[in-house]
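Below is one structure, written out as structure tokens, with a few remarks after it.
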Amino acid sequence: MKFLIIRFSSIGDIVLTTPVIRCLKQQVPNARVHYLTRVTYAPLFAAQPYVDKMHYLSDRMEDLLPSLQQEDFDYIIDLHHNLRTARVKRALGKPVYAFDKLNLRKWLLTAFKINTLPPQHIVDRYLQTVAGFGVRNDGKGLDYFIPDAERVPESDIPTAHLAGYIAVVIGAALGTKKYPKEKLAAFCRGISHPVMLLGGQEDAAEGKELAAADPFKIYNACGKFTLNESADLIRRSKLVISNDTGLMHIAAAFGKPLISLWGNTVPAFGMYPYYGQNRLAGLAGRLPYEVLEVKKLYCRPCSKIGYRRCPLGHFKCMEKIEAETVLEHTRLRLNS
């Protein structure tokens with residue numbers, strides 16, 4: 001059987017689809033798995049062993065559809081389910097198994113704070129999409145594969161960090177997911193371990209300012225490494241502290257101890273760190289991650305995605321997560 005999985009964005013959402021890729025390939029006899037995403041996310045698949053062929057959307061959908069039609073897929077697995085995927089499905093005319101995004105329930109939660117969402121991770125809901133093929137959750141969690149050429153050599157890591165460091169992800173797609181710079185600075189002052197700041201080029205200036213307080217202890221890696229190299233730096237770390245963003249899910253894929261910081265979004269949306277039952281089985285009930293959030297805040301969640309800045313101007317969802325609280329949880333994790 002020949003499958004086309006569709007997920008156009010974003011980094012974290014695509015990483016969360018990796019159990020579907022793996023389980024389809026390993027559990028369905030003679031399965032040929034193709035994947036369609038935006039060309040921006042090609043690095044995520046540079047070393048992916050469970051995908052037989054990639055298809056990328058660059059600019060115009062019209063340029064992509066003829067090549068997809070020639071593939072003659074048996075089934076389409078739509079894990080994005082939006083207007084763009086609807087165009088693909090209409091053009092291909094094949095049986096479709098589509099993921100239910102539960103947008104009405106998410107709207108009820110953001111607009112009226114009424115939570116009718118199932119207490120289920122989005123990975124398990126993704127896997128329900130392919131359950132009709134006999135696919136079951138194998139308990140192995142998320143995948144992330146780094147090409148050998150993009151593993152970071154030790155010569156590119158500061159000497160002070162070679163014995164171990166805390167990876168602090170300061171970036172996020174939107175401002176209301178980002179832990180405030182002043183609180184990050186207080187955390188960096190208070191921690192005694194080496195810190196590596198991770199983010200994109202857009203985070204480089206903030207990272208430079210934070211690192212200036214102690215260039216020996218704090219290394220600003222923002223914008224200096226590719227996505228796969230940043231993933232490798234996550235893999236090498238002792239502990240990861242991250243906003244609700246793609247590198248958080250990459251940390252979970254590597255089974256790293258993780259402290260996640262949540263602003264306007266909430267774990268109830270089903271996208272909290274996912275480790276898989278196999279990893280959790282040997283931990284005697286203690287989760288490898290923690291969620292730090294301001295519960296029972298009247299305006300939270302304000303959006304299922306986020307905003308550039310707090311719509312109400314106070315940003316209490318992040319401002320009330322004190323740096324000392326993050327420090328306390330970090331010390332406990334490092335000493336456990």
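- Looking at heavy atoms from C-beta onward, Arg300 lies in side-chain contact with Val266 at the 4.5 angstrom threshold.
- Residues Ala172 and Lys177 approach most closely at CB-CB, 3.7 Å, considering heavy atoms.
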| task | Take Asp143 and Thr18 through the side chain to side chain donor-acceptor pair (under 3.5 Å) test and state the conclusion after the steps. | result | CA-CA 6 Å; Asp143 286 327; Thr18 56; 4.8 Å; no

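- Here the OH atom belonging to Tyr50 is positioned 9.5 Å from the SG atom belonging to Cys23, to the nearest 0.5 angstrom.
- Ring to ring, Tyr274 and His121 are close: their centroids are under 6.0 angstrom apart.
- A distance of 9.0 Å separates NE2 of His81 from CG of Asn103, quoted to the nearest 0.5 Å.
- Judged by distance alone, the side chain of His249 and the main-chain N or O of Pro273 form no donor-acceptor pair under 3.5 Å.
- Using a distance-only test at 3.5 Å, with no hydrogens or angles considered, no donor-acceptor pair links the side chain of Asn243 to the main chain of Thr245.
- In this structure, CZ on Phe99 lies 13.5 Å from CD1 on Ile5, to the nearest 0.5 angstrom.
- A donor-acceptor pair is defined here as one N or O able to donate and one able to accept, closer than 3.5 Å; no such pair exists between the side chain of Tyr35 and the backbone of Ile21.
- No donor-acceptor distance shorter than 3.5 angstrom exists from the side chain of Arg136 to the backbone of Gln27, with no hydrogens or angles considered.
- Under a hydrophobic clustering in which Ile, Leu, Val, Met, Phe, Trp and Tyr are joined whenever their side-chain heavy atoms come within less than 4.5 Å, directly or via other members, Val168 and Leu261 fall into the same cluster.
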| Which is it for Leu4 and His55 under the side chain to side chain contact (heavy atoms under 4.5 Å, CB included) test, yes or no, and what are the steps along the way? | CA-CA 9 Å; Leu4 176 66; His55 304 272; 4.1 Å; yes

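- The closest donor-acceptor contact from the side chain of Lys2 to the backbone of Val33 lies at 3.5 Å or more, if one exists at all.
- Between the side chain of Lys183 and the backbone N or O of Glu319, at least one donor-acceptor pair lies under 3.5 Å.
- Side-chain atoms of Tyr272 do not come within 3.5 Å of backbone N or O of Tyr289 as any donor-acceptor pair.
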| message | Between Asn82 and Lys101, does the side chain to side chain donor-acceptor pair (under 3.5 Å) criterion hold? Intermediate values first, please. | response | CA-CA 9 Å; Asn82 64 3; Lys101 298 172 78 170; over 6 Å; no

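- Using a 4.0 Å cut-off between charged side-chain N and carboxylate O, Arg87 and Glu62 make a salt bridge.
- Across every non-hydrogen atom of Ser230 and Leu198, the tightest pair is O-CD1, 4.2 Å.
- Across Leu109, Thr265, Thr176, a single residue satisfies side-chain contact (heavy atoms from CB on, under 4.5 Å) together with Pro301, and that is Leu109.
- Clustering ILVMFWY residues whenever any of their side-chain heavy atoms sit less than 4.5 angstrom apart, transitively, puts Val20 in a cluster other than the one holding Phe8.
- Geometric assessment of Lys94 against the ring of Phe73 yields a negative cation-pi assignment under the 6.0 Å and 45° thresholds.
- Summarising the local packing, CD of Gln26 is surrounded by more than 12 heavy atoms from other residues, nucleotides or ligands at distances under 6.0 Å.
- For Tyr56, the OH atom is densely surrounded, since the number of other residues' heavy atoms within 6.0 Å is greater than 12.
- By the rule that hydrophobic residues join a cluster once side-chain heavy atoms approach within less than 4.5 Å of another member, Ile166 and Ile234 end up as members of separate clusters.
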| message | Would Ile321 and Tyr179 count as a side chain to side chain contact (heavy atoms under 4.5 Å, CB included) here? Give the steps. | response | CA-CA 9 Å; Ile321 302 176; Tyr179 195 53; 3.9 Å; yes

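- A distance of 11.5 Å separates CG in Leu57 from OH in Tyr41, rounded to the nearest 0.5 Å.
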| message | Using side chain to side chain contact (heavy atoms under 4.5 Å, CB included), reason through Tyr165 and Lys217 one step at a time and then give a plain yes or no. | response | CA-CA 9 Å; Tyr165 55 86; Lys217 180 175 70 173; over 6 Å; no

| task | Walk me through it: do Tyr75 and Phe133 pass the test ring-ring contact (aromatic ring centres under 6.0 Å, His included)? | result | CA-CA 11 Å; Tyr75 300 100; Phe133 299 99; 4.8 Å; yes

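- The nearest pair of heavy atoms linking Ile146 to Ala231 is CD1-C, 3.9 Å.
- Comment: Arg32 does not engage Asp52 in a salt bridge, judged by the lack of any side-chain N to carboxylate O separation of less than 4.0 angstrom.
- Taking 4.5 Å as the limit, some side-chain heavy atom of Thr37 sits within range of a side-chain heavy atom of Phe45.
- Side-chain contact between Phe216 and Pro158: absent, with no pair of heavy atoms (C-beta onward) separated by less than 4.5 Å.
- Residues Met248 and Met271 fail the side-chain proximity criterion, which asks for heavy atoms closer than 4.5 Å.
- Nearest heavy atoms, Tyr307 versus Leu174: O-CB, 3.4 Å.
- Here the options are Asn220, Leu197, Asp203, the test is side-chain contact (heavy atoms from CB on, under 4.5 Å), and the partner is Leu210; only Leu197 passes.
- In the hydrophobic clustering of this structure, Phe269 does not group with Leu247; members are Ile, Leu, Val, Met, Phe, Trp, Tyr whose side-chain heavy atoms approach within less than 4.5 Å, directly or through other members.
- Salt bridge annotation for Arg7-Asp78: absent, with no cationic side-chain nitrogen under 4.0 angstrom from a carboxylate oxygen.
- For the pair Phe315 and Lys320, the minimum side-chain heavy-atom distance is 4.5 Å or more.
- Panel note: side chain Arg333, backbone Leu258; no donor-acceptor pair is recorded below 3.5 Å.
- Taking each heavy atom of Lys304 and Thr110 in turn, the nearest pair found is N-CG2, 3.7 Å.
- Two residues are said to be in side-chain contact when any heavy atoms from C-beta on lie closer than 4.5 Å; Leu292 and Trp262 fail this criterion.
- Counting heavy atoms from C-beta outward, Thr330 and Ile191 have side chains that approach closer than 4.5 Å.
- Electrostatic pairing of Arg125 and Asp100 does not count as a salt bridge here, judged by no charged N lying under 4.0 Å from a carboxylate O.
- At a threshold of 4.0 Å, the pair Glu324-Arg331 counts as salt-bridged, since one of the basic side-chain nitrogens sits closer than that to a carboxylate oxygen.
- By the 4.0 Å N-to-carboxylate-O rule, Glu206 lies close enough to Lys178 to be salt-bridged with it.
- Taking every heavy atom of both residues into account, Asn278 and Lys140 meet most closely at ND2-CG, 3.8 Å.
- In this structure, Lys113 contributes its side chain and Leu108 its backbone to no donor-acceptor pair below 3.5 Å.
- Here the side chains of Ile11 and Ile250 are in contact, with some heavy-atom distance below 4.5 Å.
- Distance check, rounded to the nearest 0.5 Å: CG of Leu83 to CE of Met61 gives 10.5 Å.
- Remark: the backbone N or O of Thr226 is paired with a side-chain donor or acceptor of Glu229 at under 3.5 angstrom.
- In this structure, the separation between SG on Cys222 and CE on Met196 is 10.5 Å, given to the nearest 0.5 Å.
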| said: Show, in sequence, the C-alpha distance, side-chain angles and deciding distance for Ile77 and Thr129, and conclude whether the side chain to side chain contact (heavy atoms under 4.5 Å, CB included) test is met. | reply: CA-CA 7 Å; Ile77 311 300; Thr129 310; 4.0 Å; yes

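- Note: the hydrophobic cluster containing Leu117 does not contain Val123 (ILVMFWY, side chain heavy atoms under 4.5 Å, direct or indirect links).
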